[in-house]
There are 2 protein chains.
Amino acid sequence: MTKDAAPSAAGRPRLSGAPTGSPRQDIIREATALFVAKGYAETTMSEIARSAGLRQSSLYYWFARKEHILQALLEENRSSLALAASLEGRSGPAAPRLYAVLHADAMQLCSAPLDFYEFERVARSQPQNFGAFFDDYAALHGLTASIVRQGVESGEFQAVESEDAATAALGLNEGLQRHYRQPLPGLRSYSAEQVSGLSADTTLARLLAAPGKLAAVRAEAADLTAGWNPSAES
Amino acid sequence: MTKDAAPSAAGRPRLSGAPTGSPRQDIIREATALFVAKGYAETTMSEIARSAGLRQSSLYYWFARKEHILQALLEENRSSLALAASLEGRSGPAAPRLYAVLHADAMQLCSAPLDFYEFERVARSQPQNFGAFFDDYAALHGLTASIVRQGVESGEFQAVESEDAATAALGLNEGLQRHYRQPLPGLRSYSAEQVSGLSADTTLARLLAAPGKLAAVRAEAADLTAGWNPSAES
DNA sequence: CGCCTTTTCGATAAGTTATTGAAAGTCTGT
DNA sequence: ACAGACTTTCAATAACTTATCGAAAAGGCG
């Protein structure tokens, strides 16, 4: 049941006559487009089925629950954690590493198919299926706090409590991604790059012992991120 | 239709025999408790009806749509805007006034019956009914930016773009309220006071030209807020 | 007493997620 | 070639949701 992708032409043919490619991937692709356009809660299984070219009840052959489609989406979005894991253990000043991690996380939050909070809501209602989500978050938080601690110990950063600083930094990322996804009426709207820059700038400006170095930190962070390939890590 | 509160004993008696006090207020009260406990989307009209002592369909005599109950809730939660409006025009240093506004806003976000993002989601789906929500937000943002600008001009703050700083400050409040309402597994949990302090501390530490003054600012802000009564303003 | 207003109720429509058993193909072994 | 197993799809339907409608049950008033 729920095989990954069977390009075989077996099974009852579709009424729509549509060419049955890789149903699982088709469903994920169409669902992603709909989630992006309308959000998770507002997208119905009937709409996904119509887009993917089969009937609503047939969807449940591939995904027993609506949340499982979301779960399949999640597993393609873990790159910022990999970057953080890589940069946490690297030598050199902490500030550019922290900037790179925060900026990459914000960019990922902005470009993900789903609003972070919508994702979190679903994850919380299905803890047994989304344990990886919370594990990843806790790991990212821990790595962020670790980089902060390194910066504090080296004197780059002011003397802050590293766990709280990490919570604030990630919370700022989450709060600001909203302003990219859903600009509030009457306020200016931001691009993903602007949101990510604002968030990382704000956190670093708060932490740096020498605030004048922010521009240099930003440039160094760009070097760290350049050529980063999430899947090419040990 | 939808009268405010008619303590008259007219109308068909309830099957439950419950004493029909002020149905509208009863419904709001019970719905609030359920929203706090389970969230808006997960609370059904049937549950609200059961708690309030009438039938599901009878609810629609008092509130034609589920969102109207939420709308009624909103109108009791506008105190931080009033504080901001009061403090924006006041003389004296900007830092304590900004701290007081941000702290009060965070406290309100934490103590509100509904998660900010859940509220925003509903508001966005019913713009004609929730225009006041967006108006209030834009007003709070404008006042916050104004106080930031005052601080920049007086030299208390670093030279920042005031609109962006306000966006970041409010976004941090919104992002952190989540950590109070729904602590993520594996991370420490915060009280409302801790969340609000962390948020206001973080923003002010980022803005202040003299970071060492944060403790003093915090104390002055407490004085500004002390004895503040939302409803006693011109 | 008959009529109007207020409030509640039951029945029901239309939409949602999810289950079930049957149908309609391909594939495999003999 | 063909019986049986396997894969995939479908229609029907259950259980739940928000919301509407007309009827019912009271009080108030001429």
Side-chain angles (χ1 to χ4, degrees), chain A residues 1-27 30-31 34-35 38-71 121-122 125-126 129, chain B residues 1-27 30-31 34-35 38-71 121-122 125-126 129:
Chain A
M1 64 291 273
T2 309
K3 281 216 159 174
D4 204 43
S8 76
R12 175 173 173 173
R14 292 184 180 171
L15 276 197
S16 60
T20 162
S22 289
R24 202 151 203 281
Q25 283 309 114
D26 293 350
I27 292 166
E30 297 302 322
L34 287 166
F35 291 166
K38 317 180 34 177
Y40 174 79
E42 287 73 26
T43 300
T44 70
M45 293 296 266
S46 296
E47 292 172 300
I48 299 172
R50 199 176 318 120
S51 295
L54 30 60
R55 306 289 176 147
Q56 179 258 4
S57 65
S58 305
L59 232 44
Y60 287 84
Y61 175 78
W62 299 99
F63 297 95
R65 326 193 142 267
K66 191 182 172 189
E67 292 100 7
H68 291 0
I69 303 181
L70 200 56
Q71 200 181 349
R121 156 192 310 280
V122 180
S125 74
Q126 296 280 328
N129 294 327
Chain B
M1 67 288 275
T2 309
K3 283 215 160 177
D4 204 44
S8 78
R12 174 173 172 171
R14 292 184 179 171
L15 276 196
S16 60
T20 164
S22 289
R24 201 151 203 283
Q25 282 310 114
D26 293 350
I27 291 166
E30 297 301 321
L34 287 167
F35 291 166
K38 318 181 36 179
Y40 174 79
E42 287 72 26
T43 301
T44 70
M45 293 295 267
S46 296
E47 292 173 301
I48 299 172
R50 199 177 317 122
S51 294
L54 30 60
R55 304 290 174 147
Q56 179 258 2
S57 65
S58 305
L59 232 44
Y60 287 83
Y61 176 78
W62 299 100
F63 297 94
R65 325 193 143 267
K66 191 182 172 189
E67 293 101 8
H68 291 0
I69 303 181
L70 199 56
Q71 200 180 348
R121 157 193 310 279
V122 180
S125 74
Q126 297 279 330
N129 294 327

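Throughout, protein chains are lettered first and strands after them, A, B, ... in sequence-line order, and every chain is numbered starting at 1.
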Judged by nearest nucleotide, the residue sitting upstream toward the 5' end of DNA chain C, Leu54(B) or Lys66(A), is Leu54(B)
Can you check nucleotides 11-15 of chain D for protein contacts, nitrogen or oxygen pairs under 3.5 Å, and list what you find?
residue: dA11(D); atom: N7; partner: Ser57(A); partner atom: OG; Å: 3.3
residue: dA11(D); atom: N6; partner: Ser57(A); partner atom: OG; Å: 2.9

Would one find a side-chain N or O of Tyr61(A) under 4.0 angstrom from OP1 or OP2 of dT8(D)?
-> yes
Taking atom C1' of dT7(C) as reference, at what distance in whole Å does atom CD1 of Ile27(B) sit?
-> 11 Å
Under 4.5 Å between any side-chain heavy atoms of Met45(A) and Tyr60(A), yes or no?
-> yes
What closest approach, in Å, do Ser16(A) and Gly53(A) show between heavy atoms, and which atom pair accounts for it?
-> OG-O, 2.9 Å
Helical bend (five base pairs per end, nearest 10°) for the helix from dC1(C)-dG30(D) to dT30(C)-dA1(D) = 30°
Considering non-hydrogen atoms only, spot the tightest contact between Phe63(A) and Arg24(A) and give its length.
-> CE2-NH2, 3.4 Å
Write down the distance between CH2 (Trp62(A)) and P (dT7(D)), rounded to a whole number of angstrom.
-> 10 Å
Heavy-atom distance under 4.5 Å between the side chains of Glu67(B) and Tyr40(B), does that happen here?
-> yes
Please state how far atom CD1 in Ile48(B) lies from atom P in dA19(D), giving the value in whole angstrom units.
-> 11 Å
If we only count heavy atoms from C-beta on, is the Lys38(B) to Glu47(B) side-chain gap below 4.5 Å?
-> yes
Nearest whole angstrom, please: distance from the P of dT17(C) to the NE2 of His68(A).
-> 15 Å
Ile69(A) CD1 to Leu59(A) CG distance, which is reported to the nearest 0.5 Å | 5.0 Å
Roughly how many Å is it from CZ in Arg65(B) to P in dT17(D), rounded to a whole number?
-> 18 Å
Flag the pair Ser58(B) / Arg12(B) as yes when at least one side-chain heavy-atom distance between them is below 4.5 Å, and no otherwise.
-> no
Quick one: is dA18(C) close enough that its OP1 or OP2 comes under 4.0 Å of any side-chain N or O from Tyr60(A)?
-> yes
Would you mind reading off the distance between Tyr40(A) atom OH and dT16(C) atom P, rounded to a whole angstrom?
-> 14 Å
Given atom CZ of Phe63(B) and atom P of dT20(D), what is their separation to the nearest angstrom?
-> 15 Å
Measure the distance from CG on Leu59(B) to P on dT20(D) and round it to the nearest whole Å.
-> 13 Å
Mapping Met45(B) and Gly11(B) to their closest nucleotides on DNA chain D, which lands nearer the 5' end?
-> Met45(B)
Are Arg121(B) and Glu42(A) side-chain neighbours, meaning at least one heavy-atom pair lies under 4.5 Å?
-> yes
Is the distance from OP1 or OP2 of dC9(C) to the nearest side-chain N or O of Arg14(B) less than 4.0 Å?
-> no
Please tell me if the side chains of Gln56(B) and Thr44(B) come closer than 4.5 Å, counting only heavy atoms from C-beta onward.
-> no
